[in-house]
Amino acid sequence: MAARGLGMKFEGYDMLLNACIKKRAFREGQRVHAHMIKTRYLPHVYLRTRLIILYGKCDRLRDARNVLDEMPEKNVVYWTAMISVYSQRGFAFEALDLFVQMLRSDTKPNEFTFTTVLCSCTGTLGFEFGRQIHSNIIKRTLDTHIFVGSSLLEMYAKAGRIHEAREVFESLPEKDVVSCTAIISGYAQLGLDAEALELFRRLNLEGMTSNFVTYASVLTALSGLAALELGKQVHNHVLRCNLPFHVVLQNSLIDMYSKCGNLIYSRRIFDNMPERTVISWNAMLVGYSKHGMGGEVVELYKLMRNENKTKPDSVTLLAVLYGCSHGGMEDVGLKIFDEMMKGNDGVEPDIEHYGCVVDLLSRAGRVEEAFEFIKRMPFEPTAAEWGSLLGACRVHSNIDVGEFVGRRLLEIEPENAGNYVILSNLYACAGRWEDAGMVRDLMMEKAVKKDPGRSWIEIDQTLHSFHASDRSHPRWEEVFAILKKLSI
DNA sequence: TTAGGGTTAG
């Protein structure tokens, strides 16, 4: 469309650039650009924008920026295209910085610019900046624009300000599938699963249309509640809708079944997928790991490596190491970590991987080795690593290491009641009653309280929540009988 | 010509 009436050369360049954008073909795109320069062709504004988009899609941010910088006069479309490139590639600071430069150049942002720039308003500073942008948006009466509004509510939700997100959502005069999904997902991502489902129910009654993204978000909320029956209903509904294959939705189903404890269903979905992403593999590996199925984890990881179609990432290795640790396969886990250190997996170990190794050694009762490993780590150990070791010291009654680790933990996180309890129990185990009492006194002094652990169960599509020794629920006897049957 | 929602871990 844009090519009409602008000459053959324009049409040719337009066609070539669009093909390069589609295929993310950097080299070919660069050759098209070079041809324009060699033949002294002055590209139309449209083609310059396409060049920015092309370089952005090919991850060549410097080249994209050069196209922008070389323009003698920049209009709002150029600026927005470049801000969008930064934003989509995760360069939030650069996106906001360019937005400021745009304002300084007296170019007025439009609804496209606001929609784009709000995606980069993350983190404390980004959020503060986003709030100022919100004021500006209100002044320009763009806050009820469906695209701008969706980006605004997402910014608030990502900052944990769900009430403000909801206000923006409710104030939208018209809601579409994206804005509805954004608010449902906002609740789900903050762990407000019941609220997410309630809103989904309400919006459905009001005639909302759902698509595969909506169902993926709803499944996230159901996973958080471990609501298997409702999850099955959503799955059946999705099947009845005959939606085309979407890897994201299938990944959500794998995760939902795994979090609800049904690994057989998860694996069935995984096996039947015509294509998988690294997240599909990770969801399945995490499922096995969390259920202590070390053998399945290692077997699936081998399959992934043998297939050689999907590269493992940091989460893959975390899941594998975690699975080995919880599945009693410490030697295999240590070997895999060793391969990581040699660079054979293409993933550089970070502190969380080191933490898994501490956990591997701790759970295997190799307390002294775990202690030495922590001391040699190239990272400053956090409460997570010390915490794994303290638990192991308690289980394996290692008072010497445990005392050091426990004291260290009380310094790092004095508000964590669990550490006081474990240290006190450790002293008690060793017959050091005075020290055990002292730790309990310290707990009282600091007003630290241990919350009772909670568990929940789904009966007839209703979730019932309990804490230890809780008999206040009207149906507790029924639940108790079920738990007894399940040996929980 | 530039725009919004999604899946794994923590």
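Below, all heavy atoms of this structure are taken into account, side chains as well, without hydrogens, waters or symmetry copies. Residue numbers begin at 1 in each chain, while the letters A, B, ... track the order of the sequences.
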Roughly how many Å is it from NE2 in A:His326 to C1' in B:dA9, rounded to a whole number?
13 Å
Just compare B:dG10, B:dG5, B:dT7 and give me whichever is closest to any side-chain atom of A:Lys290.
B:dG10
Nearest-Å distance, CG (A:Leu253) to P (B:dT7)?
13 Å
Ignoring hydrogens and angles, answer whether the base of B:dT7 and the side-chain atoms of A:Ser252 contain a donor-acceptor pair closer than 3.5 Å.
no
Does a side chain donor of either A:Arg268 or A:Asn272 reach within less than 3.5 Å of an acceptor in the other side chain?
no
B:dA3 phosphate, OP1 or OP2, under 4.0 Å from A:Ser84 side-chain N/O
yes
Does the B:dG4 base have a donor-acceptor partner in the side chain of A:Ser151 within less than 3.5 Å?
no
What nucleotide, of B:dG6, B:dT8, B:dT1, holds the atom closest to the side chain of A:Asn75?
B:dT1
Does a side chain donor of either A:Thr181 or A:Thr214 reach within less than 3.5 Å of an acceptor in the other side chain?
yes
Among B:dA3, B:dG4, B:dG6, the nucleotide that comes nearest once only the side chain of A:Gln189 is considered:
B:dG6
Categorize A:His353 for me: base, sugar-phosphate, or nothing, with a 4.0 angstrom heavy-atom threshold over every strand shown.
nothing
So A:Val45, base contact, sugar-phosphate only, or nothing? Heavy-atom distance under 4.0 Å.
base
From CZ of A:Phe112 over to P of B:dA3, roughly how many Å is that when rounded to an integer?
8 Å
By the 4.0 Å heavy-atom rule, please label A:Ser179 as base, sugar-phosphate, or nothing.
base
Does B:dT8 have OP1 or OP2 sitting under 4.0 Å from an N or O in the side chain of A:Gln250?
no
Report the distance from atom CG of A:Leu153 to atom P of B:dG5, rounded to the nearest whole Å.
10 Å
Which of the following nucleotides, B:dG5, B:dA9, B:dT1, is nearest to the side chain of A:Cys119?
B:dG5
From the list B:dT2, B:dA3, B:dA9, which nucleotide is the closest neighbour of the side chain of A:Asp255?
B:dA9
Using a heavy-atom cut-off of under 4.0 Å over every strand shown, decide if A:Glu352 touches base, sugar-phosphate, or nothing.
sugar-phosphate
So, does the side chain of A:Thr115 form a donor-acceptor pair with the base of B:dG4 at under 3.5 Å?
no
Separation of B:dA3 C1' from A:Glu111 CD (nearest whole Å)
9 Å
When all nucleic acid strands are considered with a 4.0 Å heavy-atom cut-off, which category describes A:Val278: base, sugar-phosphate, or nothing?
nothing
Mind calculating the distance between CD1 (A:Ile183) and P (B:dG4) to the nearest angstrom?
18 Å
Of the candidates B:dA9, B:dT7, B:dT2, the side chain of A:Val315 sits closest to B:dA9
Over all strands shown, is A:Lys175 touching base, sugar-phosphate only, or nothing at heavy-atom distances under 4.0 angstrom?
nothing
Among B:dT2, B:dG5, B:dG4, find the nucleotide with the atom closest to the side chain of A:Arg50.
B:dT2
I want to verify a distance call: between B:dT8, B:dT7, B:dT2, whose nearest atom is closest to the A:Val248 side chain?
B:dT7
Has the side chain of A:Asn211 got a donor or acceptor atom sitting under 3.5 Å from an opposite partner on the base of B:dG6?
no
Is the A:Tyr322 ring parallel, tilted or perpendicular to the A:His326 ring (thresholds 30°, 60°)?
parallel
For a quick check, tell me whether the side chain of A:Asn251 and the base of B:dG6 share a donor-acceptor pair closer than 3.5 Å.
no
Say you draw a straight line from OH of A:Tyr86 to CZ of A:Arg65; how long is it, rounded to the nearest 0.5 Å?
4.0 Å
Rounded off to whole Å, could you give me the OH-to-P distance for the A:Tyr354 and B:dA9 pair?
24 Å
Looking at every strand, decide which applies to A:Asp313 at a 4.0 Å heavy-atom threshold: base, sugar-phosphate, or nothing.
nothing
Can the positive tip of A:Arg276 be found less than 6.0 Å from the middle of the six-membered ring of A:Phe270, inside 45° of the ring normal?
yes
Assign A:Ile83 to base, sugar-phosphate, or nothing according to its heavy-atom contacts below 4.0 angstrom with the strands shown.
nothing
Considering every strand and a 4.0 Å limit on heavy-atom distances, what is the contact class for A:Lys74: base, sugar-phosphate, or nothing?
nothing
Do the ring planes of A:Phe212 and A:His246 sit parallel (below 30°), tilted (30 to 60°) or perpendicular (above 60°)?
parallel
Choosing from B:dT2, B:dA3, B:dT8, which nucleotide comes nearest the side chain of A:Lys259?
B:dT8
With no hydrogens and no angle check, just 3.5 Å: does a side-chain donor-acceptor pair link A:Tyr301 and A:Asp345?
yes
Flag for A:Asn136-A:Arg140: side-chain donor and acceptor within less than 3.5 Å:
yes
For A:Thr214, which contact category applies under a 4.0 Å heavy-atom criterion: base, sugar-phosphate, or nothing?
base
Is the ring of A:Tyr46 stacked on the base of B:dT1, with centres less than 5.5 Å apart and planes under 30° off?
no
Could you give the CE-to-P distance, from A:Met256 to B:dT8, as a whole number of Å?
13 Å
